[in-house]
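First up is the structure itself, then whatever we jot down about it.
Along the sequence shown, the residues carry numbers beginning at 1.
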Amino acid sequence: MQERAIEQVKKIYDIDNSSTLELLGGFDNNVYLCRDKNIVIKFLDKVTHKKEYLLNELEVINLMMTHGIHTPAPIPSKNGMVIELIKGMKKDFYLVAFSYVKGKILLDYEEDNQLIKQWGKTLGKMHNISKNFAFKLDNFFVDWNYDINFEKFSKGKGQLIEKKWRTYMKKLSSMSCNQDMYGIVHHDLHNQNIIISDNKMYVLDFGDVRKSWYAYDASIPVFHALEKNRKNKTDNIKFYERFTKYFFEGYCETSNFSIDQFKLIPFFLEYRLLYSYLFFINSFPSNKMSSDMKNSLDRMRYRIENNVPFIT
């Protein structure tokens with residue numbers, strides 16, 4: 001991060017000049033921590049982030065917190081603003097800040113059925129809050145496909161990939177969007193967006209919040225758990241059965257999830273694989289990819305093109 005930007009941030013959040021900002025990471029390497037003030041600050045490129053979407057994200061976070069979801073609290077600047085704008089040498093950035101939660105990322109959960117159940121219970125509670133406040137939220141949030149250009153997203157990636165993508169877009173565009181199935185969702189609740197602190201489960205990163213199917217949102221934790229388990233080379237079918245058993249037991253303690261919705265999970269897992277492949281191919285030029293990423297994408301493409309069942 002540019003030194004000029006760091007200087008502005010310290011003034012805006014009343015951080016002592018002697019304090020350091022430590023890079024935590026984030027998809028764009030844009031999340032920093034000041035341990036002296038227990039504050040996490042996100043730098044968001046003004047060109048690719050709309051202020052109205054950031055305000056909506058913060059509204060959802062506050063709503064979730066008010067109704068019992070543990071998540072880092074937004075922190076206003078010394079000017080009382082929840083979003084600040086700073087000017088850099090080459091880019092302008094929006095800033096949003098949150099309290100720092102000391103804990104551990106949810107990494108070792110595969111053998112802990114109660115953690116898996118708690119994960120599902122948390123997501124079910126979030127969906128139930130969304131349903132209860134749909135009247136307040138729905139008109140202000142973008143839909144599932146707002147950042148997907150149907151044709152360009154798969155263009156040039158090969159006939160099989162393009163054909164599959166068109167099939168998914170046709171299917172998804174015709175799916176029911178009634179309020180029992182479709183609403184405001186987190187859209188990225190994989191295990192690394194969860195911190196365990198004092199035996200409580202904290203949800204991180206509402207940056208992808210939008211309207212989508214609750215079944216799709218529930219398939220995302222399943223997707224990432226299965227991909228992680230695949231690397232461990234253990235029986236994926238048995239793991240899928242056990243993971244979904246406990247995950248949806250927890251989910252159904254806090255929200256309804258019908259048999260018809262559960263039947264959509266395999267479809268959404270296959271879709272997520274294709275979406276993830278295209279997302280990374282479109283986000284990173286080949287010369288910027290690590291060899292590990294290239295190998296991973298090659299394996300994903302093989303599975304997609306050869307119709308390898310996701311749950312296998």
Side-chain angles (χ1 to χ4, degrees), residues 25-29 105-112 116 119 144-145 147-172 186-194 204-205 207-208 212-213 215-245 247 263-312:
F27 186 78
D28 296 312
N29 281 327
I105 295 291
L106 182 61
L107 294 177
D108 300 317
Y109 58 83
E110 290 93 332
E111 302 301 323
D112 192 330
I116 295 170
W119 192 352
W144 66 277
N145 57 354
D147 55 354
I148 297 173
N149 183 305
F150 283 12
E151 294 299 325
K152 288 184 179 179
F153 204 61
S154 65
K155 190 173 182 180
K157 308 303 186 297
Q159 289 185 353
L160 283 174
I161 298 288
E162 290 180 17
K163 183 179 179 181
K164 280 201 168 190
W165 181 250
R166 287 194 297 269
T167 300
Y168 279 115
M169 290 300 98
K170 184 176 180 180
K171 170 73 172 175
L172 290 167
H186 183 280
H187 204 257
D188 201 24
L189 197 61
H190 54 74
N191 63 295
Q192 294 197 46
N193 275 336
I194 293 174
L204 308 180
D205 195 0
D208 286 328
S212 187
W213 294 272
Y216 179 55
D217 205 37
S219 76
I220 292 172
V222 181
F223 175 91
H224 287 277
L226 285 176
E227 289 294 86
K228 186 172 187 281
N229 187 67
R230 200 182 308 278
K231 293 176 183 177
N232 296 335
K233 298 181 179 178
T234 58
D235 191 320
N236 234 27
I237 294 176
K238 287 184 179 179
F239 180 73
Y240 171 77
E241 291 171 349
R242 181 168 58 83
F243 186 92
T244 53
K245 175 183 186 295
F247 186 88
K263 288 178 180 177
L264 288 171
I265 297 297
F267 165 79
F268 279 130
L269 291 175
E270 301 284 357
Y271 165 68
R272 182 73 176 183
L273 179 65
L274 178 57
Y275 170 83
S276 298
Y277 172 77
L278 290 173
F279 176 82
F280 281 103
I281 286 289
N282 287 321
S283 298
F284 295 96
S286 180
N287 62 355
K288 299 282 179 145
M289 291 184 188
S290 67
S291 58
D292 284 347
M293 179 179 282
K294 287 180 181 178
N295 290 336
S296 178
L297 289 170
D298 285 344
R299 289 192 294 270
M300 290 170 76
R301 187 181 184 99
Y302 176 85
R303 289 159 60 194
I304 293 164
E305 291 186 333
N306 290 276
N307 297 314
V308 178
F310 190 86
I311 307 168
T312 187

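- To the nearest 0.5 angstrom, Asp205 atom CG is 12.0 Å from Ile194 atom CD1.
- Expressed to the nearest 0.5 Å, how far CG of Asp147 lies from CZ of Phe279 amounts to 8.0 Å.
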**OP:** Determine, step by step, whether Asn307 and Lys164 satisfy the side-chain contact (heavy atoms from CB on, under 4.5 Å) criterion, reporting the C-alpha distance in whole Å, the side-chain angles of both residues, the deciding distance to 0.1 Å, and the verdict.
**Re:** CA-CA 10 Å; Asn307 297 314; Lys164 280 201 168 190; 2.6 Å; yes
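- Side-chain rings of Phe243 and Trp119 approach one another, their centers coming within less than 6.0 Å.
- Using a 3.5 Å distance cut-off with no hydrogens or angles, the side chains of Lys155 and Asn149 do not pair a donor with an acceptor.
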- Run the numbers on Glu227 and Arg230 for salt bridge (charged side-chain N to carboxylate O under 4.0 Å, His left out), then give the verdict. CA-CA 5 Å; Glu227 289 294 86; Arg230 200 182 308 278; 2.8 Å; yes
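- Counted within 6.0 Å of CD on Glu305, heavy atoms from surrounding residues, nucleotides or ligands total more than 12; the atom is thus considered enclosed.
- Considering Phe267, Phe223, Phe268 in turn, Phe268 is the only one that fulfils the side-chain contact (heavy atoms from CB on, under 4.5 Å) rule with Tyr216.
- Using a distance-only test at 3.5 Å, with no hydrogens or angles considered, no donor-acceptor pair links the side chain of Asn145 to the main chain of Ile148.
- Within 6.0 Å of atom NZ in Lys171, 12 or fewer heavy atoms from other residues, nucleotides or ligands are found, so the atom counts as exposed in its surroundings.
- More than 12 heavy atoms of other residues, nucleotides or ligands lie within 6.0 Å of CD in Glu110, so this atom counts as buried by the packing criterion.
- Cation-pi check for Lys228 over Tyr109 is met; the charged atom lies under 6.0 angstrom from the ring centroid and within 45 degrees of its normal.
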**Asked** Please walk me through it: do Leu274 and Met300 pass side-chain contact (heavy atoms from CB on, under 4.5 Å)?
**Response** CA-CA 8 Å; Leu274 178 57; Met300 290 170 76; over 6 Å; no
Check your understanding: Are Thr244 and Val222 close enough, and set up right, to give a side-chain contact (heavy atoms from CB on, under 4.5 Å), and what steps lead you there?
Key -> CA-CA 7 Å; Thr244 53; Val222 181; 4.2 Å; yes
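- Smallest separation of non-hydrogen atoms from Gly156 and Glu162: N-OE2, 2.8 Å.
- The ring pair (Phe, Tyr, Trp, His ring centres under 6.0 Å) with Tyr168 is formed by just one residue from the set Tyr277, Trp144, Tyr271; it is Tyr271.
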Set out, in order, the CA-CA distance, both residues' side-chain angles and the distance that settles salt bridge (charged side-chain N to carboxylate O under 4.0 Å, His left out) for Arg242 and Asp112, then state yes or no.
CA-CA 11 Å; Arg242 181 168 58 83; Asp112 192 330; over 6 Å; no
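- Formation of a donor-acceptor pair under 3.5 Å by the Thr312 side chain with backbone atoms of Val308 is not found in this model.
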